[in-house]
Peer 1: 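Structure provided below as structure tokens; questions to follow.
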Amino acid sequence: MVFQYPIWVLALVLGLVAVALKKWSRVGDWFQAYQLFKVPEFNENMQDNYLYRKVSVYINSLVALEDSDFTNLFSGKKANEIVLALDPNQTVHDTFLGARVSWTNAHANSCRTFVLKIRKKDKRRILRPYLQHIHSVFDEFEQRKREVSLYMNGADGRWRSVPFSHPSTLETIAMDSDLKNRVKSDLESFLKSKQYYHRLGRVWKRSFLLYGPSGTGKSSFVAAMAKFLCYDVYDVDLSRVSDDSDLKLLLLQTRNKSVIVVEDLDRFVADKTTTLSFSGVLNFMDGLLNSCCGDERVMVFTMNTKDHIDPAMLRPGRVDVHIYFPLCDFNAFKTLANSYLGVKDHKLFPQLEEIFQSGATLSPAEIGEIMIVNRSSPSRALKSVITALQINGDSRSPAKIGQRSADKPPRPVEEVGDQSGGLLCRESVHTVREFRKLYGFLRLKSSRKSGSFDVDSNQNER
Ligand SMILES: Nc1ncnc2c1ncn2[C@@H]1O[C@H](COP(=O)(O)OP(=O)(O)OP(=O)(O)O)[C@@H](O)[C@H]1O
Ligand SMILES: [Mg+2]
């Protein structure tokens with residue numbers, strides 16, 4: 001009976017079986033079921049083999065790394081970041097187009113080499129696309145690592161930049177999770193669509209309109225998008241642009257892989273003192289000059305309402321995706337309570353749900369402020385939210401807001417199919433001014449035109 005043997009005998013037997021299995025897999029290699037490819041660290045002239053670095057980055061990004069027998073853990077460059085790296089002489093498995101391959105981190109005589117093991121029958125089918133895939137993952141990784149900048153246009157028609165480190169991420173924005181996921185996959189599919197756009201003879205750009213009441217997260221969302229894409233942000237202050245040709249020049253000076261943001265487009269359009277022509281703004285929105293200034297652009301426009309905007313300005317093709325940012329409902333409130341107070345559930349939630357269902361509402365910014373001030377006591381924070389909803393929330397109810405009284409509140413997203421198979425959502429945005437508000441250092445004292453673009457004033461925005 002097996003159970004009569006001491007435990008160490010069992011351990012020994014299991015160990016032997018494991019060694020035998022490992023040897024057996026090598027026997028498989030000898031019978032040439034597999035082919036091995038080496039990627040040495042240096043070429044024959046002892047120069048760096050750049051492919052080695054790419055493979056190293058690729059391997060260390062594999063989720064399967066966590067399953068290898070030994071994996072090194074290092075701290076990364078970002079705070080709290082942990083980086084995994086394959087230990088010498090360890091193997092990690094990967095699958096590609098249905099084929100299973102493995103990589104071994106071979107160390108011998110101070111020479112480091114990655115060895116790719118691939119079934120001979122799969123080699124012809126997957127080797128080239130697999131290596132191409134490794135290149136792409138590496139490029140994407142490098143792109144994500146790169147520091148992004150925030151550019152602002154000055155009165156002299158030139159861009160000035162500062163490092164961009166806005167704290168918002170798509171995860172921290174309280175919004176319908178289905179909508180958030182669809183926007184995410186829209187952005188992801190945009191990133192992968194270079195060939196597609198070019199085959200159609202279209203500029204590789206995508207434009208978004210984010211609209212909704214003040215303090216609903218439009219500007220934060222722009223920051224989160226830029227972070228998600230790892231694109232630079234160009235915050236266009238139209239009130240600082242003297243004429244149409246200046247606007248064209250500004251666009252020409254932008255680099256690719258960038259988010260170009262125009263905040264409060266509705267206010268700008270309503271501003272009769274502007275020196276820009278309507279067609280100048282439309283051309284800018286279309287990125288008409290993109291043929292000269294490259295592509296990989298995301299354009300974002302923000303507005304509080306699109307009610308008074310000429311429909312030509314927002315027509316499909318000019319603005320691909322409209323996203324509405326509503327005031328808080330109970331679901332958004334719960335997301336905020338979780339992120340601001342660390343509260344997932346609370347005995348006051350049923351009461352809050354009832355109040356939200358009665359139509360009372362506040363903006364996420366207002367609720368966030370209350371939570372921040374009372375963060376040491378979640379119960380006090382929730383009671384304060386209840387009071388604020390009872391006092392102010394009723395007047396914020398969409399039915400009581402004059403501008404909305406004539407029509408129903410917009411649906412969160414109106415989907416429209418597009419040629420790339422991505423989704424088009426109909427709604428609006430705000431951006432530049434928010435960045436300035438959020439970053440004191442971005443405040444440019446001065447010379448904005450009079451009217452609603454004054455960044456330092458806390459003027460009524462509704
Ligand atoms: N949906 C949200 N989820 C999480 N936080 C939010 C949300 N909406 C607003 N906030 C918080 O409120 C503050 C203001 O938000 P933001 O500036 O993005 O609003 P906005 O829609 O751009 O407002 P405005 O129309 O006045 O420009 C930010 O600090 C942000 O963190
Ligand atoms: Mg804003």
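Order of listing sets the numbers, starting from 1, for every ligand and every atom in it. Just so we're clear, the structure is a prediction, and the values are computed from it rather than from any experiment.
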Peer 1: State, yes or no, whether a side-chain contact exists between Phe228 and Glu188 at a heavy-atom distance under 4.5 Å.
Peer 2: yes

Peer 1: For Tyr52 together with Phe114, are the ring centres under 6.0 Å from each other?
Peer 2: yes

Peer 1: Return yes if a side-chain donor-acceptor contact under 3.5 Å exists between Arg240 and Asn153, otherwise no.
Peer 2: no

Peer 1: Answer side chain, backbone, both or neither: which part of Asn304 comes under 4.0 Å from ligand 1, heavy atoms only.
Peer 2: side chain

Peer 1: Look at ligand 1 and say whether Thr335 reaches it with a heavy atom at a distance under 4.0 Å.
Peer 2: no

Peer 1: What do you reckon, is NZ of Lys383 surrounded by more than 12 foreign heavy atoms closer than 6.0 Å?
Peer 2: no

Peer 1: For ligand 1, which atoms have a heavy atom of Ala365 less than 4.0 angstrom away?
Peer 2: 9 (C), 12 (O), 13 (C), 14 (C)

Peer 1: Can you list the ligand 1 atoms lying under 4.0 Å from a non-hydrogen atom of Thr172?
Peer 2: 3 (N), 4 (C)

Peer 1: Does Ile173 reach ligand 1 with a nitrogen or oxygen that is under 3.5 Å from one of the ligand's nitrogen or oxygen atoms?
Peer 2: no

Peer 1: Any nitrogen or oxygen of Ser168 lying under 3.5 Å from a nitrogen or oxygen in ligand 1? Just yes or no.
Peer 2: no

Peer 1: Indicate yes or no: does an N/O atom of Phe221 lie under 3.5 Å from an N/O atom of ligand 1?
Peer 2: no

Peer 1: Measure from the ring center of Phe333 to the ring center of Phe349 and say whether it is less than 6.0 Å.
Peer 2: yes

Peer 1: Please compare Pro364, Ser363, Ser214 and report which has the shortest non-hydrogen distance to atom 6 (C) of ligand 1.
Peer 2: Pro364

Peer 1: Would you say Arg380 has more than 12 foreign heavy atoms packed within less than 6.0 Å of its CZ?
Peer 2: yes

Peer 1: Give a yes-or-no answer on whether the side chains of Thr104 and Thr91 include a donor-acceptor pair shorter than 3.5 Å.
Peer 2: yes

Peer 1: Quick check on Gly368 - does any of its heavy atoms sit under 4.0 Å from an atom of ligand 1?
Peer 2: no

